[in-house]
Amino acid sequence: MMKRLQLAGWLVLLSIAATGCGSATQDSTRQSHPATTRAAASSAESRLAADALKPKPPRRKGPKLQGQFRTLAAGDGAAPECVRDLSSLPPKFATSPAVWMSTIQGPSKLVFTAENALCLHGFTAGHPVTVTIAAGRHHYTTTAQPTAGKLTFERYEPPESLFNGARLRVYGIGSGVMQSETWDFVPQSAARESLAVAGGFTISATQGSATVSYRQSVGVPTNPDRSRLRGESKRRLVVDGFKAGDTIPIGLYRLSAGGSDKATLVHQLGTVVMPGSRTAVFAVPHSAAGSKYCVTVPLTMQYNCPSF
């Protein structure tokens with residue numbers, strides 16, 4: 001009996017010893033986890049640091065809705081700002097009557113098809129101002145009409161503004177400056193080509209006996225693009241940026257499913273030949289109006305595909 005008890009005791013002791021050895025091994029394994037975790041964390045931090053150094057792809061702009069109004073705050077850089085331009089123009093522009101054209105990037109970046117506006121400084125708001133564009137032998141005159149109310153950026157003027165003789169409304173925006181609503185700078189073909197050859201034009205403003213002038217440079221677009229001309233009831237597509245002399249086909253395209261920027265030609269509508277201004281206007285036929293397809297030209301990416 002005593003021997004059996006001793007044997008049972010030895011068995012219990014051996015079992016405890018074996019369990020203790022197992023616990024020691026498990027603890028040793030657990031102790032390796034923090035080191036592994038630290039190594040993994042260090043590796044992850046290195047990857048994040050490396051990723052932070054990689055250039056981020058540009059954010060893709062979403063499509064603009066047809067008829068969408070733009071609510072802009074002064075200084076947000078999303079529209080021409082005549083008051084802001086005074087800091088980059090010659091000092092006399094801020095102290096005496098002056099006239100110039102402004103773009104989103106300022107007065108020196110006027111390019112065909114770009115959004116622009118007329119700026120006047122130092123003129124009396126109670127009387128109209130006669131504005132004249134001189135490009136070689138061609139002269140175009142219109143009237144800038146000071147108008148009560150606020151500049152809203154909620155509509156576009158016609159693309160031939162200042163070249164079509166139509167009255168153009170201007171609004172007081174402070175600092176003695178009056179500014180028009182914006183428009184896509186696409187004068188009629190003859191004026192466009194004349195400006196492209198000259199590289200610019202002289203814009204003059206007259207009120208009473210005071211006349212001031214400014215030499216405005218004009219650039220041609222260099223990035224292939226197309227868009228619907230705004231500020232008019234006509235169905236017209238402006239194609240720009242392609243090399244002069246290139247023949248560009250225009251057609252109805254079906255956009256790929258899933259919001260893709262790819263499109264497939266469904267039906268060709270016509271062609272345009274790029275002139276020296278690298279800007280051409282295509283009258284979209286009535287048959288394409290209301291189509292479920294968009295009207296565009298061959299481009300790698302079909303962002304904001306125009307519909308009519």
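Here S227 contributes atom OG and R236 contributes atom CZ; the two are 11.5 Å apart, rounded to the nearest 0.5 Å. Atom OH of Y253 is separated from atom NE2 of H267 by 12.0 Å, given to the nearest 0.5 angstrom. Taken to the nearest 0.5 Å, the CG atom of L229 stands 7.5 Å off from the CG atom of L237. The CD atom of E154 sits 10.0 Å away from the CG atom of L151 when rounded to the nearest 0.5 Å. In this structure, OG1 on T222 lies 12.0 Å from CZ on F242, to the nearest 0.5 angstrom. Between the OG1 atom of T142 and the CZ atom of F163 there is a distance of 10.5 Å, given to the nearest 0.5 Å.
Side-chain atoms of I203 and L118, non-hydrogen and from C-beta on, do get closer than 4.5 Å to each other. Counting heavy atoms from C-beta on, the side chains of K262 and Q302 never come closer than 4.5 Å. Using a 4.5 Å heavy-atom cutoff, the side chains of E115 and Y156 are in contact. When side chains are defined from C-beta on, V295 does not count as touching S307, because their heavy atoms never get closer than 4.5 Å. Using a 4.5 Å heavy-atom cutoff, the side chains of C294 and L255 are in contact. Side-chain contact between Y293 and C305: absent, with no pair of heavy atoms (C-beta onward) separated by less than 4.5 Å. Side-chain contact between M101 and L162 is present, with heavy atoms from C-beta onward closer than 4.5 Å. Within the 4.5 Å cutoff, the side chain of T279 has no heavy atoms near those of the V220 side chain.
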For I173 and C82, what are the C-alpha separation, side-chain angles and deciding distance, and is it a side-chain contact (heavy atoms from CB on, under 4.5 Å)?
CA-CA 9 Å; I173 59 172; C82 296; 4.2 Å; yes
Checking side-chain contact (heavy atoms from CB on, under 4.5 Å) for the pair I250/V272: CA distance, chi angles, key distance, verdict?
CA-CA 8 Å; I250 299 169; V272 293; 3.8 Å; yes
Are V239 and M274 close enough, and set up right, to give a side-chain contact (heavy atoms from CB on, under 4.5 Å), and what steps lead you there?
CA-CA 8 Å; V239 181; M274 280 290 105; 3.9 Å; yes
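Using modelled atom types, one side-chain atom of Q207 and one backbone atom of H127 make a donor-acceptor pair closer than 3.5 Å. Proximity of a side-chain donor or acceptor of S277 to a complementary backbone N or O of P275 within less than 3.5 Å is not detected. A distance-only check finds no donor-acceptor pair linking the side chain of H121 to the backbone of V99 [under 3.5 Å]. Side chain of N116 to main chain of T182: no donor-acceptor pair is present (N/O by atom type, distance under 3.5 Å, no hydrogens or angles). The main-chain N or O of Q145 is never found under 3.5 Å from a side-chain atom of R169 such that the two would form a donor-acceptor pair. Side chain of D184 to backbone of R230: a donor-acceptor contact under 3.5 angstrom is found. Looking at R192, its side chain never comes within 3.5 Å of a backbone N or O of V186 through a donor-acceptor pair. Side-chain atoms of Q268 do not come within 3.5 Å of backbone N or O of P249 as any donor-acceptor pair. Side chain of Q216 to backbone of I133: no donor-acceptor contact under 3.5 angstrom is found. Looking at D246, its side chain never comes within 3.5 Å of a backbone N or O of I248 through a donor-acceptor pair.
Smallest separation of non-hydrogen atoms from P146 and A125: CB-O, 2.8 Å. G251 and L265 get closest at one heavy-atom pair: CA-CD1, 4.0 Å. When all heavy atoms of D261 and M301 are compared, the pair lying nearest together is OD2-SD, 3.3 Å. Heavy-atom minimum distance, E232 versus P159: OE1-CG, 3.6 Å. Heavy-atom minimum distance, A98 versus V212: CA-CG2, 3.9 Å. G106 and T103 make their closest contact through O-OG1, 2.7 Å (heavy atoms, listed as atom of the first residue, atom of the second, distance).
T152 and E181 share a side-chain donor-acceptor pair at under 3.5 Å. Judged purely by distance below 3.5 Å, without hydrogens or angles, the side chains of R226 and T296 pair a donor atom with an acceptor atom.
A salt bridge is absent between K234 and E160: the closest approach of a Lys/Arg side-chain nitrogen to an acidic carboxylate oxygen does not fall below 4.0 angstrom.
When the side chains of ILVMFWY residues are joined at heavy-atom separations under 4.5 Å, either directly or via intervening members, W100 and V111 end up in two distinct hydrophobic clusters. When the side chains of ILVMFWY residues are joined at heavy-atom separations under 4.5 Å, either directly or via intervening members, V297 and V238 end up in two distinct hydrophobic clusters. Note on L120 and F201: same hydrophobic cluster, where clusters join Ile, Leu, Val, Met, Phe, Trp and Tyr whose side-chain heavy atoms are under 4.5 Å apart, directly or indirectly. Linking ILVMFWY side-chain heavy atoms closer than 4.5 Å, directly or via other members, places V281 and L195 in two distinct hydrophobic clusters. Using a 4.5 Å cut-off between side-chain heavy atoms of Ile, Leu, Val, Met, Phe, Trp and Tyr, with links allowed through other members, Y171 and W183 fall into the same hydrophobic cluster.
Ring-plane geometry between F185 and F112 is classed as parallel, the angle between the planes falling under 30 degrees on a 0 to 90 degree scale with a further cut at 60.
For an aromatic pair to be called close, the ring centres must be under 6.0 Å apart, and Y214 with F93 satisfies this.
For the pair R235 and F308, the cation-pi test (distance below 6.0 Å, angle within 45°) is failed.
The side-chain contact (heavy atoms from CB on, under 4.5 Å) test with S291 is passed by exactly one of V266, V284, L252: L252.
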